[in-house]
Every structure is written in C-alpha cells, then in structure tokens.
*Asks:* 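Mind having a look at this structure? Questions to follow.
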Amino acid sequence: MEQHGKYPHLFEPLDLGYTRLKNRVIMGSMHTGLEEEKGGLAKLAEFYRQRARGLAGLIVTGGIAPNKRGWLTPFGSKMTSKKEAEMHRKITDAVHEEDGKIAMQILHAGRYGYHPFIVSASNLKAPISPFKPKALSVKGIYTTIDAFSKSAKLAKDAGYDGIEIMGSEGYLINQFLSKRTNKRTDEWGGSIENRSRFPLEIVKSVREKVGEDFIVIFRLSMLELVEDGAVWEEVVYTGKILAESGTSIMNTGIGWHEARIPTIATMVPRGAFAWVTEKMKKELDIPLVATNRINNPVVAEGILSSGQADLVSMARPFLADPEILLKSKNGKEDEINTCIACNQACLDHIFQKKTATCLVNPLACKETEYDLSVRSSKKVAVVGAGPAGLSAACTAAELGHEVTLFEKREVIGGQFNLASKIPGKEEFLETLRYYRAMIKKLGVKLKLNAEVREEDLKSFDHVIVSSGVVPRKLRIPGEELAHVIPYNLAIEHPEKVGDKVVVIGAGGIGVDVSSMLLHPPVNDHHDYYNNYWGISKEEDIPGNLAKEHPEVSDKQITILKRSAGKLAHGTGKTTSWAHRRSLKLAGVDYKNNLTYKSIVEGGILIEKSGKEEFIEADTIVVCAGQEENPVSQKYITVGGAKDARGINAQRAIKEGFEAALAI
Ligand code: SF4
C-alpha cells in the first residue's frame with residue numbers, strides 16, 4: 001500500500017483491471033441544473049474540471065435520462081443521440097485533461113417524473129408527484145432496457161470512463177424491485193426473482209453494449225425506509241445477481257425520496273449508514289461504496305480503514321470545496337470548507353428550479369462567472385466578523401487586498417455561534433474553523449473586542465459593514481415582563497427557559513430554538529438518530545422501518561404564528577418536512593392564524609377564530625425575526641446590515657463574497 005500520511009486507505013488506488021482509480025473517493029452524483037441550462041455543459045465542464053484537479057478519484061455526473069419518459073422534469077437532460085454524446089465531450093475532455101475519471105449516471109425517474117408521460121412498474125401514483133404513471137407494457141419494458149444500454153454506449157462514445165445505473169432512492173428500477181410499487185402479475189412482478197429481472201436485464205444489456213473495459217456502477221437500494229420496502233434477503237439476492245452479471249462497483253442507496261426519514265440533512269450523524277455497506281460487503285465480491293453524510297477525510301478514512309467499504313462517495317462536500325482531497329493529502333485539513341449538510345443552496349435550489357450552488361461556497365457551479373484574478377492592492381476594512389463579514393474579508397484578502405477585520409465580540413462567527421448550539425447544526429463550527437484558518441493563511445488582520453468609530457475607518461480605501469442583526473421586538477403589551485426573552489438569550493442560556501414554553505415565531509429560528517430545548521445531550525448520535533426516526537437494523541423488517549422513539553425533554557412547547565401557514569416556513573423544501581415531523585414526534589403544539597392580545601404573568605393571551613385563549617407559559621421565547629443594526633449609508637453593507645428581512649447564511653456569505661469582488 002502506498003503511504004499517504006494520515007489517510008493511507010483514502011489515497012490507496014483501486015485497480016479494476018482495465019482501469020485504475022487513483023484513490024478511494026467517488027464524487028457522488030448531484031444534479032446541478034447546469035445540465036439543462038443553455039450553454040450549461042461548458043460551465044459543467046469547468047465545474048468538474050476543478051473537482052478532477054482536486055483529486056476526485058472518480059466523478060459521477062448528475063442523473064441523465066435514457067429517454068424522454070425517464071425525464072425527472074420536462075426537457076431534462078438525456079443521452080439518446082450522437083449529437084448529445086458529442087456535446088458531452090466538453091465534460092469528459094475537461095476531466096481527462098486533469099487526469100481524472102468520470103462516469104455518467106443514467107437515471108430513469110419512473111413515477112417520480114414531474115410530467116404527464118411518466119411510466120412505472122404499475123400505475124400507482126407517487127406521493128411526491130401529481131402525475132399518475134402508466135404501467136409499462138412488456139414491450140415498453142424491453143424498449144426501456146434498450147434505452148439504458150444505448151445511453152450507456154453513447155456515454156462511452158462521449159468519452160466517459162463508465163456509467164452509474166441509478167437503481168435506488170425510489171426511481172424506476174427501484175419501483176420494479178419493490179413490492180410497494182410493483183403489483184405486476186407477469187414475469188416482471190411477484191417474486192424477488194421476477195422483480196429483479198428488470199435491473200438484471202439492464203445490467204446484462206449494458207455490459208453487452210459497452211464491453212468489458214468500462215466501469216458499470218449500480219446504485220442499489222439497500223435501506224429503503226418506506227412501508228412495504230425490501231427485506232435484507234431480497235437486497236442481498238439482487239446485489240448478488242447484479243454483481244455476477246457485469247456490475248463493476250456497487251453503490252449504496254439509502255431511503256426513497258418519499259420516505260419520512262431524513263437521510264442526508266444536517267440532523268443525520270456523519271457516516272450514519274456505513275453499517276449497511278459493511279453488511280453488504282460480506283455478501284459481494286465487487287467493490288462497495290459507502291454514502292451519505294461523509295463530509296470529511298477523517299470520517300472517510302475511518303470507514304475505509306475499518307473495512308466497512310472499499311470506496312466512499314461524497315457529493316455535496318465537493319460542492320463546498322473542490323479541493324477537499326488535495327487539502328487532505330497536503331495536510332491542510334484546517335483549510336477545508338466543509339459541507340454543513342444544510343441543503344439550502346444545492347438541493348433546495350434544484351427544487352426551486354434554480355441552478356445549484358453552495359451556502360459556504362458561492363463559487364460552486366459559477367466557476368466561469370466570477371473573476372477571481374488578483375486586483376491591485378487596496379486597504380479594506382470589514383466591520384463585523386459574522387458570516388457576511390468573514391466571507392468579505394477572506395475573499396478580499398484572496399484577491400490581494402490588505403484587509404483588517406473588526407469584531408466587537410471576543411470571537412468571530414456572529415449568528416453562526418448561535419446556530420452551532422442547535423442539535424444537529426454543530427457543523428457550523430466547521431465553517432468557523434475554516435474561516436479561522438483562512439484568516440491566518442491570507443494574513444487578514446483580525447481585531448477582536450473592537451468597538452469601531454468613524455475615525456478608525458478614515459485610512460481605508462473601502463469599508464464593508466457587516467454589523468449583523470438584532471432580534472426583532474414584538475411590540476405587544478406585556479413584552480417587557482421578565483419571562484419574555486429573545487431567542488439569542490434562550491440559545492446562549494437555556495437554563496433560563498422553564499418547562500412550559502411558548503415560542504413566538506414558526507420560522508427557522510422558532511424551529512431551532514424548540515428543537516434545542518427538546519433535545520437532551522446525547523452520547524451516541526447514531527443510536528439516537530436511529531431510534532428517534534425509527535430505523536431498524538433487523539433483517540426481516542420491510543424497509544427497515546420501525547416505530548419512532550423520540551427521546552426528548554419533558555418541556556411542553558407551544559409554537560405560535562400570527563399568520564396562516566405551515567410550521568418551519570421559510571426553511572428549505574428538502575428539510576422543512578423533517579423539522580415539522582421531528583417537532584410533531586416530540587409532541588410540540590402548533591397554533592397559527594391568530595392575534596397576540598397581551599403577555600401577562602404566567603402566559604400569553606391570544607385570539608383565534610374570534611375566541612380568546614390563554615396559553616400557560618413560564619417562559620416566552622421571542623423568535624419573531626431580526627432587525628438591522630443601524631449603519632451609516634456611506635459604507636458598503638452586506639448581510640443582515642444591508643437588509644435583515646429573511647436574512648440567512650447563504651445570502652450573507654454570498655453578499656460578502658460579491659462585495660469583495662466588486663472592489
Ligand atoms: Fe453542503 Fe449546504 Fe453547500 Fe449543499 S449548500 S453543498 S448542503 S454546505
């Protein structure tokens with residue numbers, strides 16, 4: 001084994017006979033939205049080029065449909081013609097120029113498609129699509145198998161080193177594999193032998209078309225997390241026949257998109273599903289890939305060194321930092337911009353039909369749009385070391401400016417310090433570690449405990465103010481009473497919060513505060529997560545779905561929202577449902593569409609549907625949003641100082657970044 005410092009297993013090459021991966025890290029499939037954008041493939045080529053240069057062992061593209069019926073959304077990307085294959089040359093050439101390897105993922109959405117021409121194993125509507133699928137006829141099945149293999153051959157012609165067949169997460173192949181969605185009575189339904197015929201024929205047909213010297217990854221659903229999902233024996237059966245029929249590498253699929261359990265969000269512990277890959281590794285003779293919430297080299301090395309998997313897949317971590325592996329190899333882990341699993345700028349953007357980017361790295365997927373060349377050096381002051389100020393200061397320093405960063409507190413981080421105290425959001429500490437390392441590396445002069453006066457700023461060419469926000473006041477009678485406290489105080493001093501709590505505000509902050517008050521300190525995050533959400537490790541439980549056991553504190557929490565609408569409004573689509581479910585499981589009461597009449601000793605008086613109601617509370621936590629810290633108009637403002645309405649970390653970091661670029 002070649003020795004590579006702290007990560008000998010991570011940087012060990014993998015020889016597949018006809019080809020060799022330079023390390024054990026796959027950059028996992030992730031749709032960016034550039035696939036469908038006009039001129040997007042050139043941008044995508046640069047995006048992948050940078051990740052290949054950053055040492056990704058094998059890149060897997062976002063899902064590309066094998067035919068129109070397989071589209072996830074109308075006019076999605078597909079690989080069905082020589083012309084389309086030719087257009088992908090840009091991507092494969094860019095990756096090969098950097099000595100990288102790239103595989104194209106073939107994804108047929110089946111009933112998850114968002115268009116009226118969708119097909120599936122049976123005509124059962126998915127809970128997450130408004131369209132009802134047509135059950136594929138036997139002829140349609142063979143046509144679809146053919147489409148997969150043609151697509152694979154075109155991918156090979158386009159210069160790809162391999163393909164990944166998406167057989168998990170509830171997409172078409174998974175719909176054939178599962179009793180939940182396959183109600184057929186012909187040779188494609190019923191027994192597991194019949195249900196697995198569809199992926200088997202796809203793999204055989206693909207292998208026949210592409211020959212032996214081509215990587216074929218199959219992403220198999222190993223833990224479905226839905227009712228009527230597979231039992232372990234079925235998963236092993238399918239894994240074995242696929243491994244014997246031409247699959248080069250088996251990837252681990254976790255959970256269907258319609259599952260009620262979060263599988264990649266920040267509340268999921270790191271490496272939460274490596275145990276599943278480890279189990280399958282005992283059954284198969286081909287390399288296996290562990291996935292989900294592997295976001296740093298230490299976790300990845302741990303999985304590989306303990307023999308749980310042969311490869312690890314990281315998708316979002318490469319969005320957050322294209323050089324995650326290069327920095328690991330060079331012993332510069334402190335400089336890794338770690339993915340915090342927020343989904344806010346990647347997956348949430350895709351759901352909003354926007355191009356993906358990254359909350360902690362606004363450059364992601366915009367590599368060709370921003371000019372990062374070094375400028376002539378100016379003296380730049382940044383006031384406030386919250387996320388926007390940190391982003392502005394480090395970007396300005398990277399562009400060659402001489403930067404002084406003033407912070408009135410004794411630490412950097414602003415609102416990130418609060419966020420990191422919320423259970424499941426500890427990853428924010430990684431962002432602060434990253435900025436501390438960058439401040440040092442880039443020579444930013446950091447002045448802590450610094451109250452800045454106007455005259456302190458006179459000698460600078462440019463001043464960027466990122467003085468952040470203050471909690472918004474309620475402006476209702478009784479708000480001055482002692483049992484009414486703002487959210488920042490509740491987070492910093494949870495001991496000040498009693499047992500009967502009213503939380504005013506049902507957005508992200510209200511949800512975070514409630515979650516923090518309910519969750520006890522935990523020793524084993526993996527067990528806690530599995531128990532809370534009901535993930536069973538028993539082999540004979542369909543879909544590994546058990547009853548949820550939310551272990552929470554005895555506090556009684558009522559969340560109030562003045563207007564109508566759902567709890568967790570304003571949080572992203574990919575995580576808001578999980579917040580709502582988590583709080584419901586924990587017994588939180590939610591009331592909306594009401595008027596606050598007054599706060600009195602022992603509670604709050606509201607009016608709902610024309611009736612007055614008294615809600616008992618020993619503590620009322622105000623999570624009613626934020627207001628700007630007033631700032632002189634003559635400076636450049638960013639983040640909450642510019643506009644506190646709806647401010648979030650993504651906007652703050654992006655504004656800081658762009659303000660520095662504009663100098
Ligand atoms: Fe990770 Fe959040 Fe960036 Fe997505 S937006 S890659 S989840 S840090």
Side-chain angles (χ1 to χ4, degrees), residues 25-34 44 47-48 50-51 54 56 59-62 254-255 257 262-272 291-297 299-300 312-325 327 335-367 370 387-388 390-391 394 413 415-416 419-420 422 424-435 438 508 512 570-579 647-657:
V25 181
I26 292 181
M27 175 182 161
S29 174
M30 175 127 195
H31 195 77
T32 64
L34 291 173
L44 208 49
F47 170 75
Y48 287 133
Q50 294 194 10
R51 274 76 195 162
I59 294 169
V60 181
T61 68
I254 303 290
H257 288 318
T263 54
I264 59 167
T266 187
M267 65 274 269
V268 181
R270 291 171 176 174
T291 58
N292 290 41
R293 287 290 281 125
I294 302 168
N295 70 341
N296 72 31
V299 176
V312 289
S313 173
M314 302 192 217
R316 296 172 298 170
F318 275 99
L319 217 63
D321 195 333
E323 297 188 334
I324 176 171
L325 280 186
K327 290 173 182 174
E335 294 175 17
I336 293 173
N337 198 359
T338 303
C339 165
I340 59 171
C342 64
N343 288 351
Q344 284 177 29
C346 52
L347 295 179
D348 284 340
H349 271 209
I350 293 298
F351 274 100
Q352 293 163 44
K353 297 198 170 35
K354 294 196 311 204
T355 306
T357 179
C358 174
L359 181 145
V360 298
N361 175 19
L363 192 57
C365 299
K366 296 182 191 296
E367 287 77 7
Y370 290 116
L390 289 166
S391 170
C394 292
Q415 297 282 314
F416 272 20
S420 67
I422 307 300
K425 289 199 168 178
E426 298 84 356
E427 296 282 7
F428 278 99
L429 293 173
E430 297 290 347
T431 311
L432 296 181
R433 180 265 307 142
Y434 162 74
Y435 276 122
M438 296 315 283
D512 278 353
T571 58
K573 179 151 182 164
T574 60
T575 47
S576 56
W577 65 271
H579 292 310
I647 184 64
N648 57 37
Q650 187 203 340
R651 211 190 86 203
I653 290 178
K654 183 169 182 274
E655 283 181 9
F657 173 76

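When a ligand or atom number is given, it counts from 1 through the structure's own listing order. On a predicted model such as this, the values are computed, not experimentally measured, just so you know.
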*Asks:* So, using ring pair (Phe, Tyr, Trp, His ring centres under 6.0 Å) as the criterion, who are the partners of His257 when residues are at least two apart?
*Replies:*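 Partners of His257 under the ring pair (Phe, Tyr, Trp, His ring centres under 6.0 Å) test: Tyr112, Tyr171.
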*Asks:* Check for a donor-acceptor pair, side chain of Glu367 on one end and backbone N or O of Cys365 on the other, with a separation under 3.5 Å.
*Replies:*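 Yes, Glu367 side chain to Cys365 backbone: donor-acceptor pair under 3.5 Å.
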*Asks:* What residues, two or more places apart in sequence or in another chain, satisfy ring pair (Phe, Tyr, Trp, His ring centres under 6.0 Å) together with Phe428?
*Replies:*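 With sequence neighbours excluded, Phe428 shows a ring pair (Phe, Tyr, Trp, His ring centres under 6.0 Å) to Phe416, given in chain and number order.
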*Asks:* Who pairs with Tyr434 by ring pair (Phe, Tyr, Trp, His ring centres under 6.0 Å), at least two apart in sequence or on another chain?
*Replies:*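 Checked Tyr434 against ring pair (Phe, Tyr, Trp, His ring centres under 6.0 Å); zero matches.
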*Asks:* Determine whether the side chains of Thr574 and Asp348 contain a donor N or O and an acceptor N or O closer than 3.5 Å.
*Replies:*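 On atom types as modelled, these side chains qualify, holding a pair under 3.5 Å.
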*Asks:* Under 3.5 Å, is there a donor-acceptor pair between the Asn295 and Arg316 side chains?
*Replies:*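 No, because no side-chain N or O of Asn295 sits under 3.5 Å from a partner of the opposite role on Arg316.
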*Asks:* Protein N, O or S atoms less than 2.8 Å from atom 2 (Fe) of ligand 1, ignoring waters?
*Replies:*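 N, O, S partners closer than 2.8 Å: Cys342 SG.
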